Enquirer: 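Take a look at this one; I'll ask things after.
Labels below follow one simple rule: chain letters A, B, ... track the order of the sequence lines, proteins then strands, and each chain is numbered from 1. If you're wondering where the values come from, they're calculated on a predicted model, not measured in any experiment.
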2 protein chains.
Amino acid sequence: MGKLFSINNYNEIKEIFHDKGLKCTPQRQAVLKVLQESKGYLSISKIHRNVKELLPGTGLATVYRSLETLIELNLVVKVHLEDGCHSYAVAPKGHRHPIVCTDCNRVIDYTECPMEDLSKKLTKDTGILIQNHFLQLFGTCKQCQT
Amino acid sequence: MGKLFSINNYNEIKEIFHDKGLKCTPQRQAVLKVLQESKGYLSISKIHRNVKELLPGTGLATVYRSLETLIELNLVVKVHLEDGCHSYAVAPKGHRHPIVCTDCNRVIDYTECPMEDLSKKLTKDTGILIQNHFLQLFGTCKQCQT
DNA sequence: GCCCTAATTGAGAAACTTTCTCAATTGTAT
DNA sequence: ATACAATTGAGAAAGTTTCTCAATTAGGGC
């Protein structure tokens, strides 16, 4: 079917799929596009709703499968919200941490990572080899501080 | 029914419940005890299994309800594991961050918080008022590094 | 452009997780 | 000891995620 939507860098994305022997299907493109166009995190049901606007017949199972694939390809990240629910967002390029505005649900990426220094210090102090970390900040953005 | 288990500081806990007009039931005590005696995080089903050893007839719904109550009382925290599943642990006293060993699932609390300085800096830089943060570290503990 | 093949999809069933309902029970204050 | 409101157990209900399988489709080779 080829290129269905005007995703920013379609050829790059196609290549990422093909490098792993995966097909660049319209459903996967649609899921990615929905996330790229969203300002914040989206729940599965919102993703499904938006994907169906682009591609009416898309099933829920396909959304789950596409997200799984996109996560494997590091194009998407799964995030945990405060209430324990899951949502999804496009993976930030490089190492970043998201700041979620608890009022408007907008997301601002933060590039400075306090863990780089801390990880080394921690390994020295405790002997634990830090392999990964998960940091998420919650706050109120400028617009919502009225 | 009164005191069923020798929880460290039974009277303190009883008072925490009563202060909020809640009953100190054996089911709630059992859920708390199971978490206090665990080295790491526990999933709902593991909590249920362990609680039933102390209190055979306990229903799953009660475990959910007890956890909800214990979280409200700040005695327990809900945590997010890497795969997106939920688990529960006793709330660390004071401000701490858990380090999860990905091999043995043990948890080591870390008291130093890099966020205190960072939050202020961040508010100054971006204007976002940081209200809360979620930090979790994953690594390999000493015993598992063989 | 047209096959061929393996990957992918849609639809619904199935499995699993969490919440709800309600009669019966049980802490706690009096 | 009694009364009352909070809590519980059991199963139903609701919600979420995964599975199954026949039908479809993307992509490579001709």
Side-chain angles (χ1 to χ4, degrees), chain A residues 1-5 7 10-11 13-32 41-49 51-52 54-73 76 78-81 83-88, chain B residues 1-5 7 10-11 13-32 41-49 51-52 54-73 76 78-81 83-88:
Chain A
M1 192 179 252
K3 180 177 176 177
L4 190 58
F5 315 110
I7 291 181
Y10 174 70
N11 285 322
I13 286 160
K14 196 172 170 181
E15 210 169 310
I16 294 172
F17 281 111
H18 291 180
D19 281 355
K20 299 253 179 179
L22 298 167
K23 290 182 181 176
C24 189
T25 66
Q27 290 85 351
R28 287 171 177 170
Q29 291 172 49
V31 170
L32 183 58
Y41 296 128
L42 293 178
S43 64
I44 287 271
S45 57
K46 276 184 192 159
I47 295 170
H48 188 206
R49 203 179 315 141
V51 164
K52 277 194 294 188
L54 297 175
L55 215 59
T58 311
L60 180 57
T62 298
V63 174
Y64 275 100
R65 287 181 292 220
S66 297
L67 286 168
E68 204 180 335
T69 304
L70 292 167
I71 289 170
E72 261 174 31
L73 296 175
V76 166
K78 188 174 187 175
V79 296
H80 311 276
L81 298 183
D83 61 357
C85 292
H86 303 145
S87 285
Y88 298 82
Chain B
M1 192 181 254
K3 180 176 175 177
L4 190 59
F5 315 109
I7 291 183
Y10 174 70
N11 285 323
I13 286 160
K14 196 172 170 183
E15 209 169 312
I16 294 173
F17 280 112
H18 290 183
D19 280 355
K20 299 254 180 180
L22 298 168
K23 291 182 182 177
C24 190
T25 66
Q27 290 86 349
R28 287 171 176 170
Q29 290 172 50
V31 170
L32 183 57
Y41 295 129
L42 294 178
S43 64
I44 287 270
S45 58
K46 276 184 192 159
I47 295 170
H48 188 207
R49 203 180 313 140
V51 164
K52 277 195 293 188
L54 297 174
L55 215 60
T58 311
L60 179 58
T62 298
V63 174
Y64 275 99
R65 287 182 290 220
S66 297
L67 286 169
E68 205 180 334
T69 304
L70 292 167
I71 289 170
E72 262 175 29
L73 297 175
V76 166
K78 188 173 188 174
V79 296
H80 311 275
L81 298 183
D83 60 358
C85 291
H86 303 147
S87 285
Y88 299 82

Enquirer: Mind running a 4.0 Å heavy-atom check of residues 17-25 of chain A against DNA chain D and sending the residues that fall below it, in number order?
Expert: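 A/His18, A/Lys23, A/Cys24 - these, ordered by number, are the residues of the stretch whose heavy atoms sit under 4.0 Å from the strand.
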Enquirer: Rounded to whole Å, please give me the gap between CD in A/Glu72 and C1' in C/dA7.
Expert: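 The answer, rounded to whole Å, is 14 Å.
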Enquirer: For the helix from C/dG1-D/dC30 to C/dT30-D/dA1, how many degrees between its two end axes (five pairs per end), to the nearest 10°?
Expert: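 End-to-end axis angle for the helix from C/dG1-D/dC30 to C/dT30-D/dA1: 50°, rounded to 10°.
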Enquirer: Could you give the CG-to-P distance, from A/Leu60 to D/dT17, as a whole number of Å?
Expert: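 It is 9 Å, rounded to the nearest whole Å.
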Enquirer: What's the closest nucleotide to the side chain of A/Tyr64 if the choices are D/dT18, D/dG9, D/dG27?
Expert: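 Of all the options, the side chain of A/Tyr64 is nearest to D/dT18.
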Enquirer: Determine: side-chain N/O of B/His86 to OP1/OP2 of C/dT18, distance under 4.0 Å, yes or no.
Expert: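 So the side chain of B/His86 is within the cut-off, an N or O lying under 4.0 Å from OP1 or OP2 of C/dT18.
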Enquirer: Between A/Leu55 (CG) and D/dA26 (C1'), how many Å, whole number?
Expert: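 The distance from CG of A/Leu55 to C1' of D/dA26 comes to 14 Å, rounded to the nearest Å.
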Enquirer: Please tabulate, one pair per line, each protein N/O and nucleotide N/O from nucleotides 21-24 of chain C that are separated by under 3.5 Å, including the distance.
Expert:
unit_1, atom_1, unit_2, atom_2, d
C/dT21, O4, B/Arg65, NH1, 3.4

Enquirer: Starting at atom NE2 of B/His48, determine the distance to atom P of C/dC16, rounded to an integer number of angstrom.
Expert: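 Whole-Å distance recorded here is 16 Å.
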Enquirer: Looking at the side chain of B/Gln27, which of D/dG9, D/dG27, C/dT18 is the nearest nucleotide?
Expert: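 Between D/dG9, D/dG27, C/dT18, the one nearest the side chain of B/Gln27 would be D/dG9.
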Enquirer: Send over the distance from A/Gln29 CD to D/dG27 C1', rounded to a whole Å.
Expert: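 My rounded result for the distance is 13 Å.
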Enquirer: Applying the side chain to side chain contact (heavy atoms under 4.5 Å, CB included) test to A/Tyr88, which of A/Ile71, A/Leu70, A/Leu42 qualifies?
Expert: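 Per the side chain to side chain contact (heavy atoms under 4.5 Å, CB included) rule, the option paired with A/Tyr88 is A/Ile71, out of A/Ile71, A/Leu70, A/Leu42.
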Enquirer: Between A/Gly57 and A/Thr69, which residue's closest nucleotide on DNA chain C lies nearer the 5′ terminus?
Expert: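 Residue closer to the 5' terminus by nearest nucleotide: A/Thr69.
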Enquirer: Any side-chain N or O of B/Thr62 below 4.0 angstrom from OP1/OP2 of D/dT8?
Expert: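 The answer is no; no side-chain N or O of B/Thr62 sits under 4.0 Å from OP1 or OP2.
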Enquirer: Measure from NZ on A/Lys52 to P on C/dA11 and round the result to the nearest Å.
Expert: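 After rounding, the reported distance stands at 10 Å.
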Enquirer: Check the distance between D/dT16's P and A/Leu67's CG and give it to me in whole angstrom.
Expert: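 From A/Leu67 CG to D/dT16 P: 15 Å.
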Enquirer: Whole-Å distance between D/dT25 P and A/Arg28 CZ?
Expert: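 Distance, rounded to whole Å: 15 Å.
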